[in-house]
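Here's the structure we're looking at; comments come further down.
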Amino acid sequence: AGCTTTGLPLESTSTSPTGATLTHTWSILDAGGTEVATGSGQGVTINGLPAGDYDVVLTVSDGSCSATVTEAATVHPAPVASFSLSPTCLNGDVPVTLGVPFGPGVDAVWDFNGTTVATGQVTALPGVSINPGNATVGLTLSQDFGGVTCPSAPAAETVEIYNLPLPQWDAPTALCVGSTPDISSAGSSLPGTYTADWEVTLGGVPQVTGVGEVFTWPAGLADGTYGLSLNITDDNGCQDDIAAAVEVLATPSGTVTLS
């Protein structure tokens, strides 16, 4: 038996009673008896045969006498590996669309730049820490046909990995009650435009939110330790954030004593 991808391997164990050197000639017949392939040599592999049942005819000769034997053989259909990928952000999952769904009994191995990252039928590949740019995703399928394992033809696709934005700001570490400084995200590093989402929390509870390159600290917050976070989303939908504590200081009270 053989596979459409790896061919039909044939091996002759014929011997000569006189010890003479034998020649080996192979003829492959399809179900209708038509010769579809030939080969020569004690061991050969016949490639290019479609899946199906065949008769293998072996003729051996010592130069004077010859003998012929016929055996049945099956060429099994190898699974087909076909898929497409969608761009993703650094460390994010890579969406996968299968061109041909796997049949029952098919094993699948996925790799990123040669490193195995998943097995089986998947809709997304887990995020991996690789450099931004293009990465090669490979898929290898195999199916067992009762002792004959047929691999798929190699399949590989390139996926674009977008870099993450780098949020930056000029947030204060402390300010006084009633202060309203403008906090800018203009130093954030990323190509194209971006969306900046701001949030102020107290004890983990959201107090104020804002959207835009500049966030003005709200005047109505009492003294205490607040959390300030900035989330940046770029044109590719990639996100990253930055957070820090901001101490709001109570305004000192002054008294004047006249004498």
Side-chain angles (χ1 to χ4, degrees), residues 1-16 21-61 66-86 93-126 128 130 134-159:
C3 308
T4 52
T5 48
T6 54
L8 177 64
L10 303 172
E11 183 73 24
S12 170
T13 57
S14 305
T15 57
S16 169
T21 299
L22 298 176
T23 60
H24 304 76
T25 303
W26 304 86
S27 177
I28 312 301
L29 310 179
D30 64 14
T34 300
E35 184 178 74
V36 293
T38 60
S40 61
Q42 183 174 356
V44 297
T45 297
I46 307 297
N47 294 306
L49 294 174
D53 295 323
Y54 297 89
D55 284 331
V56 178
V57 180
L58 169 63
T59 300
V60 293
S61 173
S66 62
T68 299
V69 63
T70 301
E71 295 286 347
T74 299
V75 174
H76 299 288
V80 176
S82 174
F83 66 98
S84 59
L85 304 169
S86 299
D93 290 348
V94 179
V96 175
T97 300
L98 293 176
V100 179
F102 307 159
V106 174
D107 295 324
V109 177
W110 300 85
D111 69 83
F112 250 113
N113 292 340
T115 299
T116 299
V117 294
T119 58
Q121 187 159 296
V122 300
T123 56
L125 297 174
V128 292
I130 56 180
N134 292 329
T136 300
V137 176
L139 170 62
T140 303
L141 304 180
S142 61
Q143 186 169 10
D144 181 74
F145 293 92
V148 176
T149 300
C150 293
S152 64
E157 296 289 342
T158 299
V159 60

Could you please spell out the steps behind the side chain to side chain contact (heavy atoms under 4.5 Å, CB included) verdict for Val96 and Leu85? CA-CA 5 Å; Val96 175; Leu85 304 169; 3.8 Å; yes
Side chains of Ser142 and Thr140: does their closest heavy-atom pair fall under 4.5 Å? no
Could you report the tightest heavy-atom contact between Pro9 and Gly7, atom names first, then the distance? CD-O, 3.4 Å
Please test Leu10 against Ile28 for side chain to side chain contact (heavy atoms under 4.5 Å, CB included), starting from the C-alpha separation and ending with a verdict. CA-CA 11 Å; Leu10 303 172; Ile28 312 301; 3.9 Å; yes
What closest approach, in Å, do Gly2 and Leu8 show between heavy atoms, and which atom pair accounts for it? N-CD1, 3.7 Å
For Asp55 and Ala72, which heavy atoms make the closest approach, and how far apart are they? OD1-CA, 4.1 Å
Give me the atom names and distance for the closest heavy-atom approach of Thr4 to Pro50. CG2-C, 4.1 Å
Atom pair CZ/OG1 of Phe112 and Thr116 - distance to nearest 0.5 Å: 12.0 Å
Taking all non-hydrogen atoms of both residues into account, name the closest pair between Leu139 and Ala108 and its distance. CD1-CB, 4.0 Å
I'd like to know if the side chain of Thr68 pairs up with that of Thr59 as donor and acceptor (distance under 3.5 Å, no hydrogens or angles considered). yes
Distance (rounded to the nearest 0.5 Å) between Asn47 CG and Thr6 OG1: 8.0 Å
Separation between CG of Asp30 and OH of Tyr54, rounded to the nearest 0.5 Å: 7.0 Å
Over all atoms of both residues, closest heavy-atom pair of Gly43 and Glu11: CA-OE1, 3.4 Å
Closer than 3.5 angstrom, by distance alone: can the side chain of Gln143 be matched with the main-chain N or O of Pro104 as a donor-acceptor pair? yes
In Å, rounded to the nearest 0.5 Å, how long is the span from CG of Asp93 to OG of Ser86? 12.0 Å
Let me see the working for Cys150 and Val148 under side chain to side chain contact (heavy atoms under 4.5 Å, CB included), right down to the final yes or no. CA-CA 6 Å; Cys150 293; Val148 176; 4.2 Å; yes
Assess whether side chain to side chain contact (heavy atoms under 4.5 Å, CB included) is satisfied between Trp26 and Ser12, documenting all intermediate values. CA-CA 10 Å; Trp26 304 86; Ser12 170; 3.8 Å; yes
Quick one: CG on Asp107 to CG on Leu141, what's the gap to the nearest 0.5 Å? 9.0 Å
For the residue pair Phe102 and Trp110, categorise the inter-ring angle as parallel (less than 30°), tilted (30 to 60°) or perpendicular (more than 60°). tilted
Using only heavy-atom distances, determine whether the side chains of Thr74 and Asp53 contain a donor-acceptor pair under 3.5 Å. yes
To the nearest 0.5 angstrom, please state how far the CG atom of Asn134 sits from the CG atom of Asn113. 10.0 Å
Side chain of Thr5, backbone of Pro151: donor and acceptor closer than 3.5 Å? yes
